[in-house]
Amino acid sequence: MTKRIILHIDMDCFFAQIEERENPQFKGKPIVVGADPKEGKGRGVVSTASYSARKYGIHSALPISKAYQLCPKAIFLPVNMELYQKVSEEIMAIVKKYSPTFEQVSLDEAYLDLSFLWQAIKGKRPLTIYGQGEELAKKLKKEILEKEKLTCTIGIGPNKLIAKMTSKKAKPNGLLVIKPDQVREFLEPLDIDDLPGIGPKTAEKLRGIGINKIEELKNLSKTKLRDIFGVVGVRISPTIYERARGIDETPVTPEVIIKSIGRQITFEKDTRDSEIIFENFEQMIKEVHQELIENKFLFKTITVICRFQDFETHTKSKTLYTSFPKARVGLGPNFSQKFGHRALKEPTGNFEILKSEAKKLLLKFLVENPKLIRLIGVRVKIC
DNA sequence: AAGTTCTTATTAC
DNA sequence: CTAACGGTAATAAGAACTT
């Protein structure tokens, strides 16, 4: 179980590539999938940019208004999620065939555990294990290209962390294999923000103390890391300390359990118009509830999100049922007498409760704060 | 003191 | 000139509150 070989597959600029496939007249042109730019006035962001659009500095998460400035003549397309979903399902069906241990991470990303290769051929093997992994990856790339007319990038390594970083390095349309004995030389020259889990904030902190490369990050002791990040970075698994060394024992696991469901929207213009606010809000609540029903989920906590004109964002939440605190468990047979006055509400799927409680929370924001509102959202925690 | 709830921060796709 | 900055979800941490 210790020796593993993990494959990470990542479709190249997935949404943009699908649009290019569906519209051959766009081939090679800068394609930007995302919010409506509205002649530079749009408020959304870029979802995916094709590689020719990236030459203009356009990338995922860039404000669409900025993207429009950078290349107004680019082809701006709305997100056609149903289409991408369908293509994703077809692709994942192909990927799955290559290993029984499969984990889909997002619409366009998945891991395969290829460790079965170790036991496949014991004595006489034509290739090393990693060589066999590479052959599988080539086949997989070929099958997806032939059947779906789409390119992807595959990374192979001894764990998920390395596989993921490897595919990132190799894209687009790439294939890169990093064997255990190559991990060190692969990792050390990379920038700290190439490490999954190190985002803009953490990277900035590290640069502040003169750490820019993973090699330098390795010089920090566990205690030093704790000083910088508090307990974070020490407790998260794999920790930053381990990641910097390419260590990651997290398994490839098929199913991810949904823990919350939510909706949020940014208004076209900041507003205080309660018509607009509550109409949208009720719609979102309906959608959340619908999703609860479809999955036969019950919820226990409702959180409402509100972002004001100045981007200040706050949340308010309400837990609708009182769980049974463990502290009470050891209290002997009297506990129900002692605490019985406090009704234990059950988790619920009730729409009216969701609606009224969520509205109460939103109303608090409106009462407390006179600023124009940019975004509202609602989320429920599943139990 | 310990468990739960509420809020914020950060990350990722 | 600066700002521009979506939607969905997970996770961690610490403050505030309850018991």
Side-chain angles (χ1 to χ4, degrees), chain A residues 10-11 13-15 33-38 40-48 57-70 78-79 81 84 88 104-110 164 168 193 195-205 226 229-237 239-240 243 256-268 284 287-288 291 300-307 309-331 335 338-342 344 361 364-365 374-382:
Chain A
D10 197 338
M11 301 303 297
C13 57
F14 191 46
F15 298 174
V33 180
D36 186 344
K38 295 181 177 164
K41 303 259 177 257
R43 313 184 79 173
V45 297
V46 173
S47 196
T48 315
I58 300 173
H59 56 83
S60 294
L62 186 75
I64 200 78
S65 52
K66 182 70 185 169
Y68 189 80
Q69 281 179 26
L70 290 170
V79 176
M81 202 53 90
Y84 313 148
S88 172
Q104 185 173 348
V105 183
S106 66
L107 277 189
D108 79 317
E109 251 181 77
K164 183 169 177 64
K168 189 170 187 180
D193 47 12
L195 252 202
I198 296 190
K201 302 286 181 179
T202 309
E204 205 38 60
K205 276 188 201 172
R226 183 166 25 230
F229 304 108
V231 200
V232 192
V234 175
R235 198 178 288 172
I236 309 173
S237 176
T239 64
I240 300 238
R243 278 182 231 221
V256 184
I257 302 137
I258 296 171
K259 293 172 183 157
S260 71
I261 292 174
R263 289 287 183 279
Q264 63 174 63
I265 58 143
T266 296
F267 298 120
E268 309 244 325
M284 292 191 295
E287 288 175 21
V288 168
E291 217 174 309
K300 65 170 182 180
T301 303
I302 301 169
T303 302
V304 170
I305 307 114
C306 189
R307 174 172 294 158
Q309 189 170 36
D310 56 6
F311 235 76
E312 201 176 284
T313 308
H314 295 281
T315 66
K316 287 187 191 296
S317 73
K318 166 122 184 158
T319 297
L320 289 176
Y321 93 106
T322 314
S323 58
F324 201 75
K326 280 173 194 158
R328 292 187 203 163
V329 172
L331 294 181
F335 72 85
K338 279 184 163 169
F339 301 105
H341 62 279
R342 198 170 196 276
L344 299 177
L361 293 171
K364 280 195 205 170
F365 278 121
R374 181 184 181 95
L375 167 154
I376 55 171
V378 61
R379 175 161 295 276
V380 291
K381 187 162 292 176
I382 310 304

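Basis for what follows: all heavy atoms, side chains included, without hydrogens, waters or symmetry-related copies. The model shown is predicted, which means the values in this text are computed figures rather than measured ones. Order of the sequence lines fixes the chain letters, A, B, ..., with proteins taken first and strands second; residue numbering starts at 1 for each chain.
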Any A/Ser317 side-chain N or O less than 4.0 Å from OP1/OP2 of B/dC6: yes
Residue met sooner reading DNA chain C from 5', once A/Val256 and A/Val45 are mapped to nucleotides: A/Val45
Residue pair A/Ile261 / A/Ile258: nearest heavy atoms and the distance that separates them: CG1-CG2, 4.1 Å
pair A/Lys168-A/Pro196: side-chain heavy atoms closer than 4.5 Å: no
More than 12 heavy atoms from other groups under 6.0 Å of CD on A/Glu268: no
Separation of atom CD1 in A/Ile305 from atom C1' in C/dC5, rounded to whole Å: 17 Å
Between B/dT5 (C1') and A/Leu320 (CG): distance, integer Å: 12 Å
Spacing of A/Ile58 atom CD1 relative to C/dA4 atom P, expressed in whole Å: 19 Å
Validation row: A/Thr202, A/Leu195 side chains within 4.5 angstrom (heavy atoms): no
Any side-chain heavy-atom pair of A/Val46 and A/Ile64 under 4.5 Å: yes
Whole-angstrom distance between B/dT10 and C/dC5, as gauged at atom C1': 16 Å
Shortest non-hydrogen contact from A/Phe15 toward A/Leu107: CE2-CD1, 4.1 Å
Interatomic distance where NZ belongs to A/Lys318 and C1' belongs to C/dA16 [whole Å]: 16 Å
Spacing of the P atoms in B/dC13 and C/dA4 (rounded, Å): 25 Å
Given DNA chain C, 5'-ward residue of the pair A/Gly42 and A/Lys381, judged by closest heavy atom: A/Gly42
Which nucleotide in C/dA3, C/dG6, B/dT5 has an atom nearest any side-chain atom of A/Arg307: C/dG6
Heavy-atom pair with the smallest gap, counting every atom of A/Val33 and A/Tyr84: CG1-OH, 3.5 Å
A/Ile376 vs A/Val304 side-chain heavy atoms within contact, under 4.5 Å: no
A/Thr319-A/Thr301 side chain donor-acceptor pair, cut-off 3.5 Å: yes
Interatomic distance, A/Ile382 CD1 vs C/dT11 P [rounded to whole Å]: 14 Å
Rounded interatomic separation in angstrom, taking OH from A/Tyr68 and P from C/dC5: 16 Å
Sugar-phosphate or base contact per nucleotide [nucleotides 8-13 of chain B; S, B, -; heavy atom under 4.0 Å]: B-SSSS
Could you go over nucleotides 7-9 of chain C and give all protein N or O partners under 3.5 Å, atom names and distances?
{"from": "C/dG7", "atom 1": "OP1", "to": "A/Thr266", "atom 2": "N", "distance (Å)": "3.0"}
{"from": "C/dG7", "atom 1": "OP2", "to": "A/Thr266", "atom 2": "N", "distance (Å)": "3.0"}
{"from": "C/dG7", "atom 1": "OP2", "to": "A/Thr266", "atom 2": "OG1", "distance (Å)": "2.6"}
{"from": "C/dT8", "atom 1": "OP2", "to": "A/Gln264", "atom 2": "N", "distance (Å)": "2.5"}
{"from": "C/dT8", "atom 1": "OP2", "to": "A/Gln264", "atom 2": "O", "distance (Å)": "3.4"}
{"from": "C/dA9", "atom 1": "OP2", "to": "A/Gly262", "atom 2": "N", "distance (Å)": "2.7"}
{"from": "C/dA9", "atom 1": "OP2", "to": "A/Gly262", "atom 2": "O", "distance (Å)": "3.2"}
{"from": "C/dA9", "atom 1": "OP2", "to": "A/Arg379", "atom 2": "NH1", "distance (Å)": "3.4"}
{"from": "C/dA9", "atom 1": "OP2", "to": "A/Arg379", "atom 2": "NH2", "distance (Å)": "3.1"}

Rounded interatomic separation in angstrom, taking CG from A/Leu361 and P from B/dT5: 15 Å
